[in-house]
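Side chains included, hydrogens not; waters and symmetry mates left out as well; all remaining heavy atoms used. Counting starts at 1 for both ligands and their atoms, in listed order.
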Amino acid sequence: MNNFTFQYPVRQHFGKGCAESAIKEEMNHTGTNVLLAYGGSSLKRTGLYDKIQGWLHECGKNVFDFGGIMPNPTYAMVQEGAKMVRQHNIDFILAVGGGSVIDCCKIVAAQAKLDADIWEMQYANHLFPTEFLPMGAVVTASGTGAEQNNGAVITNTEKKLKQPLVGAYNSFAILDCELTKTVPMKQVVSGAFDTLSHCMETYMGKPMADNISDEINEAVMRNVINNLRAIIADPDNDFARGELMWASAMAENSLLKLGKQTDFQCHMLEHAVAAYTNCNHGQGLAVIHPALYRHMLGEGSEKLARMAERVWNVEGSTTEQTAALGINALEAFIREIGMPTRWAELGITDENVLRAAADTCLLMPGCCKQFSRDELFEVLKECM
Ligand code: NZQ
Ligand code: ZN
């Protein structure tokens, strides 16, 4: 493994029905003016909005609403949030939602403390924020693990880019699987596949040799596969729902990444496609993964073969063959859980969009293969 120094700032509250007591406990440590951030209609529809408002008022907070954060949150929405923070003298941001709400708030928490434009600061001047408004997350849709880290993925519609920005860590994450019961099954599956993708993207990063982070990772991958099957068979399986929630956290709470450089080339390609199409994150990943891994045979064969044996339980007579069988098993699993394997299933039919995505996608140094933009375009075309 590579050398590392590890410290982790996010307090975790996990468990069915823990949200009320966890929120009330955490509110003992925050200022009075709270920005309650949420997405579209789901929070009010499920009744959680009223409950949280009530709990915050019981704790003596002045609550300001920052609703309407869209899936694939935009940079304009970040700026709107930062404006609200300044306008209302906000002390604390409570992000209630999935990855989109939480990501948007992580950058609001940074932008609110800055005069500089945070996009330009990070991408033009290569400087990163050091001061943040405090925030915490209540997860209502699991999978991204966005509540666990300080990275956020933001869509800059003017620049036609969807890219990562460094933002705030949450001081706490509330993981109450009861809150995810209203998430449509399609999104549950998409979120859980995203978790599996995070595991694979970490596993396939350098160094490739056997190490403890990857061995824990194999267990998390097997867990996601088993519990995803379990929850599709029985959406009321709260045990599986809770396991998926914690697996999502495990994939992004740094533990699997210790001593490694991560790959995340598939993610960067999916984000680039989403900048042009606004496609669903997990579904975009499902389309790209098998094709991209077939292009990684050779450089990545040994590791793909290890994943094939230890996660997918398949074995061929050579390393190359085992690696290829593992990719077939991944693709078969994607079909089994009802996820797309072709762009057309997501309504994406324009080859020019795929060329533009390949041309703007970030190229990842941690990937075992250094892809050219032309080869990434080939990968995307093979998914048409
Ligand atoms: O907007 P509302 O009405 O709330 O509906 C949302 C949204 O339509 C709905 N939803 C959330 N909780 C619900 C619910 N519906 C019913 N009941 C509930 N309890 O779910 C839909 C999807 O929400 P969203 O937050 O967009 O999904 P997800 O959690 O998959 O987040 C996706 C975003 O996270 C980024 C993705 O790129 C994408 O922008 N990611 C962030 C990462 C990070 N920061 O570490 C890592 C990931 O790789 C990912 O890139
Ligand atoms: Zn992801």
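The shortest distance between side-chain heavy atoms of F66 and V108 falls below 4.5 Å.
For the pair K106 and Y169, the cation-pi criterion (under 6.0 Å, within 45° of the ring axis) is not fulfilled. Annotation: cation-pi geometry satisfied between R355 and F377 (NZ/CZ under 6.0 angstrom from ring centroid, within 45° of ring axis).
Between P73 and ligand 1, a contact under 3.5 Å exists for no N or O pair. When only interatomic distances are considered, the shortest N/O to N/O separation between S41 and ligand 1 falls below 3.5 Å. At least one N or O atom of G151, backbone or side chain, sits closer than 3.5 Å to an N or O atom of ligand 1. For ligand 1, the polar-atom distance check finds an N/O of G99 within less than 3.5 Å of one of the ligand's N/O atoms. Any N or O atom pair closer than 3.5 Å counts here, and V153 shares no such pair with ligand 1.
Between A357 and L380, the shortest heavy-atom contact is CB-CD1, 4.1 Å.
There is a protein heavy atom less than 4.0 angstrom from atom 33 (C) of ligand 1. The presence of a protein heavy atom under 4.0 Å from atom 6 (C) of ligand 1 is ruled out.
Distance check, rounded to the nearest 0.5 Å: CD of Q163 to CG of N156 gives 8.5 Å.
The Zn ion (ligand 2) lies closest to atom NE2 when only the N/O/S atoms of H281 are considered. Nearest N/O/S atom of H267 relative to the Zn ion (ligand 2): this is NE2.
Each of the following atoms of ligand 1 lies closer than 4.0 Å to a heavy atom of N72: 38 (C), 39 (O). The H267 neighbourhood of ligand 1 comprises atoms 48 (O), with distances under 4.0 Å to a heavy atom of that residue. Per-residue contacts place V183 under 4.0 angstrom from the following atoms of ligand 1 (heavy atoms of the residue considered): 13 (C), 16 (C), 17 (N), 18 (C), 19 (N). Counting the atoms of ligand 1 from 1 in the order shown, those under 4.0 Å from a heavy atom of L179 are 19 (N). Atoms of ligand 1 lying under 4.0 Å from any heavy atom of G40, numbered from 1 in the order shown and given with element: 1 (O), 2 (P), 3 (O), 4 (O). Ligand-side atoms of ligand 1 in range of A146: 43 (C), 44 (N), 45 (O), range being under 4.0 angstrom from any heavy atom.
Protein heavy atom in closest approach to atom 25 (O) of ligand 1: S100 N, 3.0 Å. Atom 48 (O) of ligand 1 has its closest protein heavy atom at H198 NE2, 2.7 Å. The nearest heavy-atom contact from the protein to atom 49 (C) of ligand 1 is H281 NE2, 3.3 Å. Protein heavy atom nearest atom 8 (O) of ligand 1, with residue, atom name and distance: P71 CG, 3.9 Å. The protein non-hydrogen atom at the shortest distance from atom 12 (N) of ligand 1 is T140 OG1, 2.8 Å. Given atom 42 (C) of ligand 1, the protein heavy atom at minimum distance is D103 OD2, 3.9 Å. Among protein heavy atoms, atom 50 (O) of ligand 1 sits closest to H271 NE2, 3.0 Å. Regarding atom 17 (N) of ligand 1, its nearest protein heavy-atom neighbour is T182 OG1, 2.8 Å.
The residues R310 and D210 are annotated as salt-bridged, a charged nitrogen and a carboxylate oxygen being separated by less than 4.0 angstrom. In this structure, D238 pairs ionically with K16, as a charged nitrogen and a carboxylate oxygen lie closer than 4.0 Å. Checked for salt-bridge contact, K51 and E20 miss the test: no charged N lies under 4.0 Å from a carboxylate O. Salt-bridge annotation for K44 and D50: absent, with no side-chain N of the basic residue lying under 4.0 Å from a carboxylate O of the acidic one. Under 4.0 Å is where a charged nitrogen must lie from a carboxylate oxygen, and between E218 and R306 no such pair does. Salt-bridge check for D263 with K206: failed, with every basic side-chain N at 4.0 Å or more from each acidic carboxylate O. Between R241 and D236 no salt bridge is recorded (no basic side-chain N to carboxylate O distance below 4.0 Å).
Under the side chain to side chain contact (heavy atoms under 4.5 Å, CB included) rule, V139 has a single partner from I174, L179, D176, L175, which is L175. R294 pairs in a salt bridge (charged side-chain N to carboxylate O under 4.0 Å, His left out) with only one of the listed residues (E378, E331, E382), which is E331.
Under the 3.5 Å distance criterion, the side-chain polar atoms of Q111 are left unmatched by any main-chain donor or acceptor of V78.
Distances from ligand 1 to the non-hydrogen atoms of K106 include at least one value under 4.0 Å.
Counting heavy atoms under 4.0 Å from ligand 1, residue N149 touches it through the side chain alone.
If you put the vertex on the Zn ion (ligand 2), NE2 of H198 and OD1 of D194 sit 90° apart, to the nearest 10°.
Nearest-residue assignment for atom 4 (O) of ligand 1 (options S42, S197, G39; heavy-atom criterion): S42. Compare Q187, Q283, K162, E270 by their heavy atoms: the one nearest to atom 22 (C) of ligand 1 is in Q187.
In this structure, the ring of Y49 has its center less than 6.0 angstrom from the ring center of Y38.
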